[in-house]
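Written below as structure tokens is the structure these notes are about.
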Amino acid sequence: MALEAQRDAASVCRECPLGALATQTVFGEGPLDAPLMLVGEQPGDQEDRQGRPFVGPSGQLLDRALVALGWDRSVAYVTNAVKHFKHEPRGKRRMHKTPAQREADACRHWLESEIGLVRPRAAIALGATAARQLLGRPVGVMHERGRWLRRDDGLAVLVTLHPSALLRGDPAERETAWAAWLDDLRAADAVAHGEAPP
């Protein structure tokens, strides 16, 4: 009930301009006792239309990774740092725009409320926006990727790429990038199977 109340409150949020521009708020989903929280940047076009996180191309790649790792999606609560889709029209398409820091900061309390309700053993930051919002400071994803970092409240955060980075990458390097990304995520195997993070 508490999560539903937060979702309802977020649906009318106008703390930044994005709430008035998006089709709908995209709150997180997953079991409230999930050991892992996966945090992305913001909803994309499909997420904005369907009202669910990680259902577009990036979500399909994330699902492939979960299968490759032998994780059931029920081990994770999946959400985004920003709850509304920021975009610009380009013809008939709506193209993703990176949220401004003030827009991400306006959403931070929603992410913190999800952390407080789910109480995961660990979180995986998928990309720089998620890492910054989880850790409260700028994070160099390429420098910190695959490493566990600790928040002031003790929550362990694993930093890695957002799946969209793999989709945008050089096709000739895609398999190598995929294998490296799985290695990053594999660092959370123990958490996914009910153990504590390192």
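A donor-acceptor pair is defined here as one N or O able to donate and one able to accept, closer than 3.5 Å; such a pair exists between the side chain of Glu47 and the backbone of Gly56. Of the possible donor and acceptor atoms, one in the side chain of Glu114 sits under 3.5 Å from a partner among the backbone N and O of Gly28. Judged by distance alone, with hydrogens and angles left aside, the side-chain atoms of Arg73 form no donor-acceptor pair with the main-chain N or O of Asp63 at under 3.5 Å. Under the 3.5 Å distance criterion, the side-chain polar atoms of Gln42 are matched with a main-chain donor or acceptor of Lys97. Within the 3.5 Å criterion, the main-chain N or O of Asp48 finds a donor-acceptor partner in the side chain of Gln24. Between the side chain of Thr160 and the main chain of Asp184, no donor-acceptor pair closer than 3.5 Å is present.
Pairing each heavy atom of Ala187 with each of Gly146, the nearest pair is CB-O, 4.4 Å. Among all heavy-atom pairs drawn from Ser113 and Gln6, the shortest one is OG-OE1, 3.0 Å. Residues Pro43 and Val82 approach most closely at CD-O, 3.1 Å, considering heavy atoms. Across Ala130 and Ala81, no two heavy atoms sit closer than the pair CA-CB, 4.2 Å.
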Report task. Tell me, with the steps shown, if Asp105 and Arg102 meet salt bridge (charged side-chain N to carboxylate O under 4.0 Å, His left out). Result -> CA-CA 5 Å; Asp105 288 345; Arg102 62 183 174 77; over 6 Å; no
Report task. Would you sort out whether Arg94 and Arg49 count as a side chain to side chain contact (heavy atoms under 4.5 Å, CB included), showing the intermediate values? Result -> CA-CA 11 Å; Arg94 302 186 305 166; Arg49 294 177 192 280; 3.5 Å; yes
Requested in this report: Would you check, one step at a time, whether the test side chain to side chain contact (heavy atoms under 4.5 Å, CB included) holds for Asn80 with Thr129?
Outcome: CA-CA 9 Å; Asn80 284 295; Thr129 299; over 6 Å; no
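Within the 4.5 Å cutoff, no side-chain heavy atoms of Phe54 are placed close to those of Val26. With a 4.5 Å cut-off on side-chain heavy atoms, Glu144 and Leu135 do not count as touching. Ile115 places a side-chain heavy atom less than 4.5 Å from the side chain of Leu134. Counting only heavy atoms from C-beta outward, the side chains of Ile124 and Val39 never approach each other to under 4.5 Å. Contact of the Tyr77 side chain with the Leu117 side chain is not registered, since no non-hydrogen atoms from C-beta on lie closer than 4.5 Å. With contacts defined as side-chain heavy-atom distances shorter than 4.5 Å, the pair Asp189/Trp71 qualifies. Between Pro35 and Val191 the shortest side-chain heavy-atom distance falls below 4.5 Å.
With sequence neighbours excluded, the residues satisfying side chain to side chain contact (heavy atoms under 4.5 Å, CB included) with Asp33 are Pro31. The ring-ring contact (aromatic ring centres under 6.0 Å, His included) search around Phe27 returns none, not counting sequence neighbours. Looking at residues two or more places apart in sequence or on another chain, you find a side chain to side chain contact (heavy atoms under 4.5 Å, CB included) between Arg174 and Pro171.
The aromatic rings of His87 and Phe85 lie parallel to each other, their planes meeting at an angle below 30°, with 60° marking the opposite boundary.
In summary, the side chains of Glu103 and His84 do not present any donor paired with an acceptor at a separation below 3.5 Å, with no hydrogens or angles considered.
The hydrophobic cluster containing Met142 also contains Trp178, counting ILVMFWY residues as joined when their side-chain heavy atoms lie under 4.5 angstrom apart, directly or transitively. The cluster map of Ile, Leu, Val, Met, Phe, Trp and Tyr, joined by side-chain heavy atoms under 4.5 Å apart, puts Val55 and Leu62 in different clusters. Val67 and Trp181 fall into different hydrophobic clusters, where Ile, Leu, Val, Met, Phe, Trp and Tyr residues are linked whenever their side-chain heavy atoms come under 4.5 Å apart, directly or through other members.
When the shell of 6.0 Å around CZ of Arg151 is examined, it contains more than 12 heavy atoms from other residues, nucleotides or ligands. Within 6.0 Å of the CZ atom in Arg52, the count of heavy atoms belonging to other residues, nucleotides or ligands does not exceed 12. No more than 12 heavy atoms of other residues, nucleotides or ligands lie within 6.0 Å of CG in Asp152, so this atom counts as exposed by the packing criterion.
Atom SG of Cys13 is separated from atom CG of Asp8 by 13.0 Å, given to the nearest 0.5 angstrom. In this structure, Arg64 CZ and Leu166 CG are separated by 9.5 Å, a value rounded to the nearest 0.5 Å.
Partner of Glu41 under the side chain to side chain donor-acceptor pair (under 3.5 Å) criterion, out of His96, His162, Arg132, Gln133: His96 alone.
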